[in-house]
K.L.:
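Here it is, the structure in full.
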Amino acid sequence: HILNLSPPLNMEARWFPPHVAYTMAKFGMSMCVLGMAEELKSAGIAVNALGLQAILGHELPTMWFIGVILIYYMIYPVIMYFSRSSKDILIVSLLMIPLLVSLRLAFPTVHYFLYLYYMVFIGGVLSSSMNLFFDKKYERYMPIFPVVMLISLLAEMKLFNGGLVEFLGFSLQNLLLTMAYSVTRDLFAISFCVIVFLLARSVTPLASTRALKFISAIALGSYATYL
């Protein structure tokens, strides 16, 4: 039995930009499954493809994730190369924003989620460099995060009706609207991550070694499945 990890063949245009090469590769794998299944049928060898769509029952509109993460991986060493402190990281990260906007203007296929989650990415880099979650001098600021999460959620519901603002055009209005939405969504996401981490840190000392191994296996498995 041969099992391949590839998606159902779907020729809708939305599956191709801005990752046409990746889509071609994955669809090529799916076509190999169809061909090999017929070719090896007489030998009693089954050939199947498994995609997350088959598990969840619908197509996952998450292929933008690959391109966004790739760009973040490219940005990270540049930020760290020019940074010697947490303050430098913040300054260099802000200076990168005009470059990212220029990338969108030059290549309209760049997904607007690149900007939507940029501050979450920078928040992760800063918290790691500052040892934010383990340094006791920062603990007095932790109660701020639940308040920030609630305010950002209310702002998103009030300003954007809980919907998604798409940066489709090139007007200044669209850019400002996208940036405003990005700030509220990023504040919510960062606060949520911090709260979950703090809860996990408080529960961890109470769990047994066997329970921690079990939880770690589930966490790693779910993360790998999402990727």
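Source: prediction; values computed, not measured.
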K.L.:
For Ala207, check side-chain contact (heavy atoms from CB on, under 4.5 Å) against everything at least two apart and list the hits.
P.N.:
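Result, side-chain contact (heavy atoms from CB on, under 4.5 Å) vs Ala207: Ala211, Leu212.
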K.L.:
Which heavy atom of His1 sits nearest to which heavy atom of Val47, and what is that distance?
P.N.:
CD2-N, 4.4 Å
K.L.:
Taking Leu99 as the starting point, is it possible to reach Met74 by hopping between hydrophobic residues whose side chains are less than 4.5 Å apart?
P.N.:
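Result: no, two separate clusters.
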K.L.:
Please name the pair of heavy atoms, one in Asn10 and one in Phe27, separated by the smallest distance, quoted to 0.1 Å.
P.N.:
O-CE2, 3.1 Å
K.L.:
For residues Leu220 and Ile215: do they belong to one hydrophobic cluster (side chain heavy atoms under 4.5 Å, members Ile, Leu, Val, Met, Phe, Trp, Tyr)?
P.N.:
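Each belongs to a different hydrophobic cluster.
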K.L.:
Atom CZ of Phe82 and atom OG of Ser93: how far apart are they, to the nearest 0.5 Å?
P.N.:
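Interatomic distance, Phe82 CZ to Ser93 OG, rounded to 0.5 Å: 12.5 Å.
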K.L.:
Please indicate whether Met29 has more than 12 foreign heavy atoms, meaning atoms of other residues, nucleotides or ligands, lying under 6.0 Å from its CE.
P.N.:
yes
K.L.:
Take Glu38 and Leu34, measure what side chain to side chain contact (heavy atoms under 4.5 Å, CB included) needs, and give me the verdict at the end.
P.N.:
CA-CA 7 Å; Glu38 286 298 314; Leu34 291 174; over 6 Å; no
K.L.:
Nearest 0.5 Å, please: how far is CD1 in Ile122 from OG in Ser127?
P.N.:
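Reported value, rounded in 0.5 Å steps: 10.5 Å.
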K.L.:
Restricting to side-chain hydrogen bond (donor to acceptor under 3.5 Å, both in side chains), what partner residues turn up for Lys213, sequence neighbours left out?
P.N.:
none
K.L.:
Which atoms form the tightest heavy-atom contact between Val92 and Ile79, and what is the distance?
P.N.:
CG1-CA, 3.9 Å
K.L.:
Which atom pair, heavy atoms only, marks the closest approach of Ser129 to Ile89?
P.N.:
OG-CD1, 3.5 Å
K.L.:
Examine Leu5 and Met36 and state if one hydrophobic cluster contains both, with Ile, Leu, Val, Met, Phe, Trp and Tyr joined whenever side-chain heavy atoms are less than 4.5 Å apart.
P.N.:
no
K.L.:
Can you see which heavy atom on Tyr118 is nearest to which on Ile75, and at what distance?
P.N.:
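The pair with the smallest heavy-atom distance is CE1-CD1, 4.4 Å.
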K.L.:
Please evaluate residues Val125 and Met80 with respect to the criterion side chain to side chain contact (heavy atoms under 4.5 Å, CB included), reporting the C-alpha separation (whole Å), side-chain torsions for both, the decisive distance (0.1 Å), and the verdict.
P.N.:
CA-CA 9 Å; Val125 175; Met80 299 309 295; 4.0 Å; yes
K.L.:
Verify the cluster assignment for Met96 and Leu70: are they in a single hydrophobic cluster under the rule of side-chain heavy atoms below 4.5 Å apart?
P.N.:
no
K.L.:
When rounded to the nearest 0.5 angstrom, what distance separates OG in Ser86 from CD1 in Ile91?
P.N.:
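Result: 11.0 Å between the selected atoms.
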K.L.:
Is there a chain of hydrophobic side chains (I, L, V, M, F, W, Y, each step under 4.5 Å between heavy atoms) that links Val78 to Val101?
P.N.:
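They do share one cluster, since a chain of ILVMFWY contacts under 4.5 Å joins Val78 to Val101.
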K.L.:
If I take atom CG from residue Leu90 and atom CG from residue Leu95, how far apart are they, to the nearest 0.5 angstrom?
P.N.:
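Rounded to the nearest 0.5 Å, the CG-CG separation comes to 9.5 Å.
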K.L.:
Taking C-beta and beyond as the side chain, do Val194 and Ser191 meet within less than 4.5 Å on heavy atoms?
P.N.:
no
K.L.:
Check this for me: Met11, atom CE, are more than 12 non-hydrogen atoms of other residues, nucleotides or ligands nearer than 6.0 Å?
P.N.:
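Counting other residues, nucleotides and ligands, CE of Met11 exceeds 12 neighbours.
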K.L.:
Using 30° and 60° as the class boundaries, would you call the ring planes of Tyr72 and Phe121 parallel, tilted or perpendicular?
P.N.:
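Taking Phe121 first and then Tyr72, their aromatic rings lie parallel (interplane angle under 30°).
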